[in-house]
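A quick write-up on the structure given underneath.
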Amino acid sequence: MEASNSELVCEFPRLFRVYKDGRVERLSSKKVVPPSVEDPKTGVSSKDVVIVPETGVSARLYLPKITHDPQPQQKNKLPLLIYFHGGAFCIQTAFSPRYHKYLNSLVAKANVVAVSVDYRRAPEHPLPIAYDDSWAALQWVVSHSTGQGPETWFHDHVDFDRVFLAGCSAGANISRNMAIRAGINAEQVSRLKILGVVLEHPYFWGKETIGLEGNHMAIKEKQDELWRTINPSTTGCDDPLSNPATDPNLSTMGCNRVLVCVAEKDILRDRGWFYYETLGKSGWGGVVEIMESEGMDHGFYLSNPRSEKAVEMMKRLVSFLNQDDRVPSFY
């Protein structure tokens, strides 16, 4: 019986194995780091909170070093960044070392408050659970916009008229889908003004090959299989959750600006460009920008944050988050 239960059902190298008894073994990115009262390098404070006790969905909050006393005046409030980590929907967490370090740096440089969402991961919790968890996190943020809710960091320091969504890879995919939900369900987020969305090396896919994908058919086939495994209810790789070009609500982005970041050597590069071009032609009323990092591969800024291209990308993100364009939104 034990031998039968330990039989391997499927395996995705560097991601996970699933056994017949339902056990999931993650093959990388299992380390976590605790929050910091004050990060010694950046001065950023962080703490962990449970958002939905029933499901265990949680988040790590980040607060930059405050140089003034909390004031009720709006002029002293800071933008809020809602961030979704990457990891193909199945590895990494909001508490992974690479994301904790990255958020510390981004929060310090951009002078924003951040919420890094720890959504439940596939394959134990198949998609669309990660999207629903992320929407629940967004609703939790909304609950603080009226002065209610338990988080004093929000009440003392957040300007809910300057909210941004962002994420890396799978997290960028989530960010786009959250912006679509915000556009469709405007009344549910009406107290937030989502000014912009940052898509860092977005995890988009599709049935037909484009660009670099045609040179890597073995990877393409494995990615197709992965998508069906983590989202068993999917209609396929052209599912709107995976391929924004097929989304009938493509132009319903509940924000004013979108920044797409791609890397030249990333197999996902051309999907990012395709999304940029398709959104620009969709009739959406906002502004979409794109930045390509030459010679770089997927997620390079997380593994080598001090590199010239990573510093360049960080500067672009900081500029995007600090552009104050509080104009009437698309709600």
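If you read the sequence from its start, that first residue is 1, and numbering goes on from there.
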Taking the six-membered ring for Trp, are [X] and [Y] parallel (under 30°), tilted (30 to 60°) or perpendicular (over 60°)?
{"X": "His155", "Y": "His144", "answer": "tilted"}
{"X": "Tyr203", "Y": "Trp227", "answer": "tilted"}
{"X": "Phe12", "Y": "Phe16", "answer": "tilted"}
{"X": "Tyr275", "Y": "Phe204", "answer": "tilted"}

| message | For the CD atom of Gln92 and the NZ atom of Lys31, what is their distance to the nearest 0.5 Å? | response |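 So the CD of Gln92 and the NZ of Lys31 are separated by 11.5 Å.
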
| At what distance, to the nearest 0.5 angstrom, does CD of Gln223 lie from NE2 of His216? |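 Going from CD on Gln223 over to NE2 on His216, the span is 12.0 Å.
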
According to a 4.5 Å side-chain heavy-atom criterion applied to Ile, Leu, Val, Met, Phe, Trp and Tyr, with indirect links allowed, do [X] and [Y] form part of one hydrophobic cluster?
{"X": "Ile290", "Y": "Met253", "answer": "yes"}
{"X": "Val318", "Y": "Leu259", "answer": "yes"}
{"X": "Ile129", "Y": "Val52", "answer": "no"}
{"X": "Leu61", "Y": "Phe95", "answer": "no"}
{"X": "Tyr62", "Y": "Val50", "answer": "no"}

| task | Quick one: do Trp140 and Phe154 satisfy side chain to side chain contact (heavy atoms under 4.5 Å, CB included)? Show the steps, please. | result | CA-CA 11 Å; Trp140 179 79; Phe154 286 178; 3.6 Å; yes

| query | Any side-chain donor paired with an acceptor under 3.5 Å for Glu213 and Trp205? | reply |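 No.
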
| task | Give the C-alpha distance, both sets of side-chain angles, the deciding distance and a yes or no for salt bridge (charged side-chain N to carboxylate O under 4.0 Å, His left out) between Lys222 and Glu225. | result | CA-CA 5 Å; Lys222 200 65 177 176; Glu225 182 186 357; 3.5 Å; yes

| Are Tyr83 and Phe164 near enough that their ring centres are under 6.0 Å apart? |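 Here the rings of Phe164 and Tyr83 have centres that are no less than 6.0 Å from each other.
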
| field | Output field: ring centroids His125/Tyr119 closer than 6.0 Å | value |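 That pair fails the under 6.0 Å test.
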
| Would Arg26 and Glu124 count as a salt bridge (charged side-chain N to carboxylate O under 4.0 Å, His left out) if you check the C-alpha gap in whole Å, the side-chain angles of each, and the deciding distance to 0.1 Å? | CA-CA 11 Å; Arg26 287 189 167 78; Glu124 305 98 315; 2.8 Å; yes

| query | Does Glu264 pair with Arg269 as a salt bridge, N-O distance under 4.0 Å? | reply |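 Salt bridge between Glu264 and Arg269, a charged N being under 4.0 Å from a carboxylate O: no.
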
| query | When you check the gap from the basic side-chain N to the acidic O, do Arg17 and Glu11 get nearer than 4.0 Å? | reply |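 Between Glu11 and Arg17 there is a salt bridge, with a charged N closer than 4.0 Å to a carboxylate O.
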
| field | Test log, rule salt bridge (charged side-chain N to carboxylate O under 4.0 Å, His left out), inputs Lys207 and Asp238 | value | CA-CA 6 Å; Lys207 181 179 179 180; Asp238 278 340; over 6 Å; no

| request: Only one of Ile230, Ile174, Thr229, Asn173 passes side chain to side chain contact (heavy atoms under 4.5 Å, CB included) with Leu127; say which it is. | output: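 The option that passes is Ile230.
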
| message | Run the side-chain hydrogen bond (donor to acceptor under 3.5 Å, both in side chains) test on Asn243 and Thr246 for me, step by step, so that the C-alpha distance in whole Å, both residues' side-chain angles and the decisive distance to 0.1 Å come before the verdict. | response | CA-CA 6 Å; Asn243 185 355; Thr246 67; 4.8 Å; no

| task | Flag this pair as yes if the NZ/CZ of Arg191 is under 6.0 angstrom from the six-membered ring centre of Phe160 and inside a 45 degree cone about the axis; otherwise no. | result |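 Not flagged: Arg191 not positioned over aromatic ring of Phe160.
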
| field | Counterpart residues, salt bridge (charged side-chain N to carboxylate O under 4.0 Å, His left out), relative to Asp118 (two or more places apart) | value |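 Residues passing salt bridge (charged side-chain N to carboxylate O under 4.0 Å, His left out) with Asp118: none at all.
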
